[in-house]
Amino acid sequence: LCLLLGYPVAYFIARQPPSRAAVLLFLVLLPFWTSLLVRTVAWVVLPQREGILTNLLLSLGLVAEPVRMIFNRFAVYVAMVHVLLPFMVLPLYAVMKGISPSHMRAAQSLGATTRYAFLRIYLPQTIPGLAAGTLLVFIMALGYYITPALVGGPNDQMISYMITYHLNEVVNWGMASALGALLLLATLILA
């Protein structure tokens, strides 16, 4: 989800004049100046049954009754994408800013359609940013604990919660250490 949302955002920012790009990058970086816990609690408050989002949907007539938007997997995805999206946009933007627009113009002047030029010329040049952003987002999402614990239900917990559960609640240190080793191994393989 971060890749699907972050690629167009980074592309749009990279194609803007420097002054407008600076403002847009400021907006991308703005969530970094707020604590992860505060951002997560905001996602607990906004979609509550009597929350702002539910009241807005009701007043616009999009739903007839309050919708359950919290303590489920959808809420976990929305909150995690909100937190992790800048980690996808920034590496992509850094790579895209270095790609000369003349490459696309040259491909089009040689007869390539815009779509073909994008897929064959532009997209391959962004692979380092894609790889860096995907790796950053995936490794950070592996260890997520607070966000799924606060906005997710009991079936929406990540491996870090399971490690804590087996360590503190069940006192099954063997399972906790096995899960911790799997988490470490997955991180080492990807890094």
Side-chain angles (χ1 to χ4, degrees), residues 1-97 114-115 118 122-123 126 129-130 132-165 169:
L1 288 173
C2 286
L3 178 59
L4 292 176
L5 294 172
Y7 198 94
V9 170
Y11 182 79
F12 179 75
I13 295 172
R15 296 294 149 235
Q16 298 302 311
S19 60
R20 190 177 300 158
V23 172
L24 294 171
L25 277 176
F26 172 77
L27 293 175
V28 169
L29 291 171
L30 193 60
F32 282 133
W33 299 328
T34 307
S35 165
L36 173 65
L37 185 59
V38 171
R39 287 183 277 170
T40 302
V41 169
W43 281 112
V44 171
V45 172
L46 287 175
Q48 288 286 335
R49 191 161 177 83
E50 301 296 326
I52 296 169
L53 289 178
T54 303
N55 289 335
L56 179 68
L57 292 173
L58 287 170
S59 66
L60 292 174
L62 297 174
V63 293
E65 59 186 44
V67 180
R68 185 171 183 251
M69 293 187 286
I70 192 73
F71 307 124
N72 55 30
R73 186 145 310 163
F74 174 75
V76 173
Y77 289 155
V78 170
M80 285 181 67
V81 166
H82 171 251
V83 172
L84 294 172
L85 191 59
F87 293 102
M88 180 61 75
V89 171
L90 293 175
L92 282 170
Y93 170 77
V95 169
M96 289 176 178
K97 195 65 183 165
T114 304
R115 179 180 294 156
F118 179 82
Y122 194 82
L123 185 63
T126 62
L130 284 168
T134 304
L135 189 63
L136 268 172
V137 168
F138 184 74
I139 287 177
M140 289 184 67
L142 274 178
Y144 254 48
Y145 179 77
I146 291 177
T147 303
L150 291 177
V151 300
N155 296 327
D156 303 310
Q157 299 306 317
M158 303 290 182
I159 193 168
S160 55
Y161 175 82
M162 298 309 291
I163 293 170
T164 305
Y165 173 76
E169 302 290 325

Check the pair Val9 / Tyr93 against side chain to side chain contact (heavy atoms under 4.5 Å, CB included), numbers first and verdict last. CA-CA 9 Å; Val9 170; Tyr93 170 77; over 6 Å; no
Run Val151 and Phe71 through side chain to side chain contact (heavy atoms under 4.5 Å, CB included) and show every step you take. CA-CA 5 Å; Val151 300; Phe71 307 124; 5.7 Å; no
So do the side chains of Leu5 and Val89 get within less than 4.5 Å of each other, counting heavy atoms only? no
What do you reckon, is CD1 of Ile52 surrounded by more than 12 foreign heavy atoms closer than 6.0 Å? no
Using 30° and 60° as the class limits, which term best fits the ring planes of Phe118 and Tyr7: parallel, tilted or perpendicular? perpendicular
Quick one: do Leu37 and Leu150 satisfy side chain to side chain contact (heavy atoms under 4.5 Å, CB included)? Show the steps, please. CA-CA 9 Å; Leu37 185 59; Leu150 291 177; 3.8 Å; yes
Considering all heavy atoms, the nearest Pro91-Pro86 contact: CD-O, 4.3 Å
Nearest heavy atoms of Leu58 and Val63, plus distance in Å: CD2-O, 3.6 Å
To the nearest 0.5 Å, how far apart are CG in Leu56 and CG in Leu60? 4.5 Å
d(Met158 CE, Ile146 CD1) to nearest 0.5 Å is 13.5 Å
Under the 3.5 angstrom rule, does the side chain of Thr54 hit a backbone N or O of Gln48 as a donor-acceptor pair? yes
Contact summary for Met88 and Gly6, nearest pair of heavy atoms: CG-CA, 4.3 Å
Decide if the gap between the ring center of Phe32 and the ring center of Phe87 is smaller than 6.0 angstrom. yes
Which heavy atom of Pro47 sits nearest to which heavy atom of Met69, and what is that distance? CB-CB, 3.7 Å
Working to the nearest 0.5 angstrom, can you tell me the gap between Leu90 CG and Leu136 CG? 9.5 Å
Please determine if Arg15 forms a cation-pi arrangement with Tyr11, meaning its NZ or CZ atom is less than 6.0 Å from the six-membered ring centre and no more than 45° off the ring axis. yes
Between Arg49 (side chain only) and Val67 (backbone N and O only), is there a donor and an acceptor less than 3.5 Å apart? no
When rounded to the nearest 0.5 angstrom, what distance separates CG in Leu84 from SG in Cys2? 5.0 Å
Leu36/Arg39 under side chain to side chain contact (heavy atoms under 4.5 Å, CB included): CA gap, chis, key distance, verdict: CA-CA 5 Å; Leu36 173 65; Arg39 287 183 277 170; 4.2 Å; yes
CG of Leu30 to CG of Leu25: how many Å apart, nearest 0.5 Å? 12.0 Å
Around atom CG of Leu1, are there more than 12 heavy atoms of other residues, nucleotides or ligands at under 6.0 Å? no
Considering non-hydrogen atoms only, spot the tightest contact between Lys97 and Ala14 and give its length. NZ-O, 3.6 Å
If you count the non-hydrogen atoms of other residues, nucleotides and ligands that lie under 6.0 Å from OH in Tyr165, is the total more than 12? no
Test item: Ser160 side-chain N/O and Tyr144 main-chain N/O as donor-acceptor pair under 3.5 Å: yes
Check Glu50 against Asn55 and note the closest heavy-atom contact, atom names and distance. O-ND2, 3.5 Å
Rounded to the nearest 0.5 angstrom, the CG-CG distance for Leu24 and Leu29 is 11.0 Å
